[in-house]
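Beneath this line is the structure, given in structure tokens, with notes to follow.
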Amino acid sequence: VIPTFNEEGNIELLYNKLKETIDPLRLEELELIFVDDGSHDDSLSIIKRIATHDAQVKYISFSRNFGHQLALKAGLDHARFQGVISLDADLQHPVELIPEMIQKWRNGADVVFSKRIDKTLPWFKRTSSKLFYRIVNSLSQIKLEDGVADFRLLDEKVIKALLKYKETNLFIRGIIPSLGFKQVSIEYMPNKRHAGETKYSFSKMLRFALTGIT
Ligand code: UDP
Ligand code: MG
């Protein structure tokens, strides 16, 4: 499941990389679900074009921009498989780790989440993120780790539990640790965003943080 907002420069390359990585795994059934979160560039037409020649590619198209978390949730709502992997469209989440995630799942994990090990984040992002997790952790019984990303594999039973939340102000990375189940992590070095700029403006980040806290 790939939440996509104005990622016209990334979709084609991501698609090719995903196919390269996933095809050799010979999964019985597979879908690549792009959730277009109200893009106003060419993202949707690129996705549609890919979908016409690849039956594994599905898409959901939002009527406007609802935000990354709701795009992710819509993807989970529509995924109909035993396991679902979510990742960003900008190639920051290394596609090469997908086989390892699947292996860990096959070995019994219900959630395989990823933790960023990069220490070279811009000062502002690093400091604000640390501060945010300190505040959240002082308020909550569930301990959240800094650097946990929305790059993860969820087993269908975890998705069922997650979708029981009728919360619309979603902070998925906070809900998942509270669900229980067998959760294991993998570490990753984020790549540089391939094309375009971050789609998390300062105001979106602030809103996301407040949503997480409340
Ligand atoms: N995204 C989205 N809707 C939004 C903002 C972002 O679907 O309103 C998607 C975006 O296209 C990307 C992912 O969410 O696939 C993460 O966004 P981004 O890479 O801009 O965040 P950053 O890595 O800078 O925190
Ligand atoms: Mg990114």
Side-chain angles (χ1 to χ4, degrees), residues 1-4 14 17-18 21-22 25 27-35 37 58 60 67-118 129-130 132-133 136-137 139-191 200 208-209 211-214:
V1 168
I2 308 145
T4 307
L14 176 67
K17 277 201 156 199
L18 280 169
T21 312
I22 294 167
L25 300 178
L27 300 171
E28 245 170 63
E29 266 200 300
L30 168 83
E31 278 177 359
L32 303 177
I33 305 176
F34 286 90
V35 185
D37 185 15
K58 303 276 151 78
I60 295 166
H68 173 219
Q69 297 289 291
L70 287 171
L72 192 55
K73 176 171 179 295
L76 296 175
D77 280 335
H78 289 270
R80 48 183 189 87
F81 291 111
Q82 292 167 344
V84 177
I85 294 173
S86 55
L87 78 163
D88 289 355
D90 60 358
L91 293 127
Q92 285 202 280
H93 296 156
V95 169
E96 304 77 41
L97 289 179
I98 288 177
E100 189 185 331
M101 283 180 151
I102 294 177
Q103 198 50 51
K104 287 201 152 48
W105 174 51
R106 285 183 170 149
N107 291 342
D110 300 312
V111 175
V112 186
F113 63 96
S114 67
K115 267 167 50 178
R116 194 180 57 217
I117 47 171
D118 186 22
S129 163
K130 268 208 186 108
F132 169 72
Y133 283 98
V136 164
N137 285 332
L139 294 169
S140 159
Q141 287 179 305
I142 304 285
K143 293 295 161 241
L144 299 189
E145 290 178 73
D146 191 3
V148 171
D150 285 314
F151 176 35
R152 64 171 83 77
L153 187 155
L154 298 176
D155 185 85
E156 62 181 342
K157 64 185 175 208
V158 181
I159 298 172
K160 274 201 188 113
L162 176 66
L163 295 180
K164 285 199 176 133
Y165 273 78
K166 296 302 172 203
E167 179 66 67
T168 47
N169 296 302
L170 279 173
F171 183 68
I172 294 175
R173 68 184 66 165
I175 298 174
I176 298 218
S178 76
L179 294 174
F181 299 104
K182 187 168 184 225
Q183 311 213 5
V184 304
S185 67
I186 56 168
E187 295 195 324
Y188 80 102
M189 257 315 231
N191 300 313
Y200 262 101
F208 188 46
T211 299
I213 291 167
T214 55

> Looking only at heavy atoms, which two atoms of A89 and T4 are closest? And how far apart?
Replying inline: CB-OG1, 4.0 Å

> Hey, mind stepping through I213 and F171 against side chain to side chain contact (heavy atoms under 4.5 Å, CB included) and telling me if it holds?
Replying inline: CA-CA 9 Å; I213 291 167; F171 183 68; over 6 Å; no

> F132 and G212: which non-hydrogen atoms are nearest, and at how many Å?
Replying inline: CZ-CA, 4.5 Å

> How far does CZ of F34 sit from CG of L14, to the nearest 0.5 angstrom?
Replying inline: 5.5 Å

>> Whether the side chain of N169 engages the backbone of T211 through a donor-acceptor N/O pair (distance < 3.5 Å, no angle test) should be reported.
In response: no

> Does any non-hydrogen side-chain atom of L32 lie less than 4.5 Å from one of I22?
Replying inline: yes

> For N191, does its backbone N or O pair with a side-chain atom of Q92 as donor and acceptor, under 3.5 Å?
Replying inline: yes

> Going through the checks in order, is the side chain to side chain contact (heavy atoms under 4.5 Å, CB included) test met by K73 and L163?
Replying inline: CA-CA 8 Å; K73 176 171 179 295; L163 295 180; 4.1 Å; yes

> Can you find a pair of side-chain heavy atoms, one from L179 and one from Y165, that are under 4.5 Å apart?
Replying inline: yes

>> I need the minimum non-hydrogen distance between A149 and Y188, along with the two atoms involved.
In response: CB-OH, 3.4 Å

> Taking side chain as C-beta onward, heavy atoms only, is I2 less than 4.5 Å from L18?
Replying inline: yes

> Can you check whether N137's main-chain N or O pairs, donor with acceptor, with K143's side chain at less than 3.5 Å?
Replying inline: yes

Sequence neighbours left out, cut at 3.5 Å: what donor-acceptor pairs do the side chains of residues 109-117 make with other protein atoms?
| from | atom 1 | to | atom 2 | distance (Å) |
| --- | --- | --- | --- | --- |
| D110 | OD1 | K157 | NZ | 3.3 |
| D110 | OD2 | K182 | N | 3.0 |
| S114 | OG | F151 | O | 2.8 |
| K115 | NZ | E145 | OE1 | 2.8 |

>> Contact between F81 and I33 at the side-chain level, heavy atoms closer than 4.5 Å - yes or no?
In response: no

> Which heavy-atom pair separates G174 from P177 by the least distance, and what is that distance?
Replying inline: O-CD, 3.3 Å

> Which heavy-atom pair separates P3 from A71 by the least distance, and what is that distance?
Replying inline: CB-CB, 3.8 Å

Could you give the side-chain donor-acceptor pairs of residues 94-105 under 3.5 Å, partners two or more places apart or in another chain?
| from | atom 1 | to | atom 2 | distance (Å) |
| --- | --- | --- | --- | --- |
| E96 | OE2 | K17 | NZ | 3.4 |
| W105 | NE1 | D155 | OD1 | 2.9 |

>> Testing the basics here: between L72 and S86, what is the closest heavy-atom pair and its distance to 0.1 Å?
In response: CD1-CB, 3.3 Å

>> Side chains of L144 and I142, heavy atoms from C-beta outward: is any pair under 4.5 Å?
In response: yes

>> Between Q183 and V158, is there a side-chain heavy-atom distance shorter than 4.5 Å?
In response: no

> Once you round to the nearest 0.5 Å, how far does CG of L91 lie from NE2 of H93?
Replying inline: 10.5 Å

>> Which residue in the set V1, L154, L153 passes side-chain contact (heavy atoms from CB on, under 4.5 Å) when paired with I85?
In response: L153

>> Using the side chain to side chain donor-acceptor pair (under 3.5 Å) criterion, which residues pair with D150? Sequence neighbours excluded.
In response: Q69, R152, R173

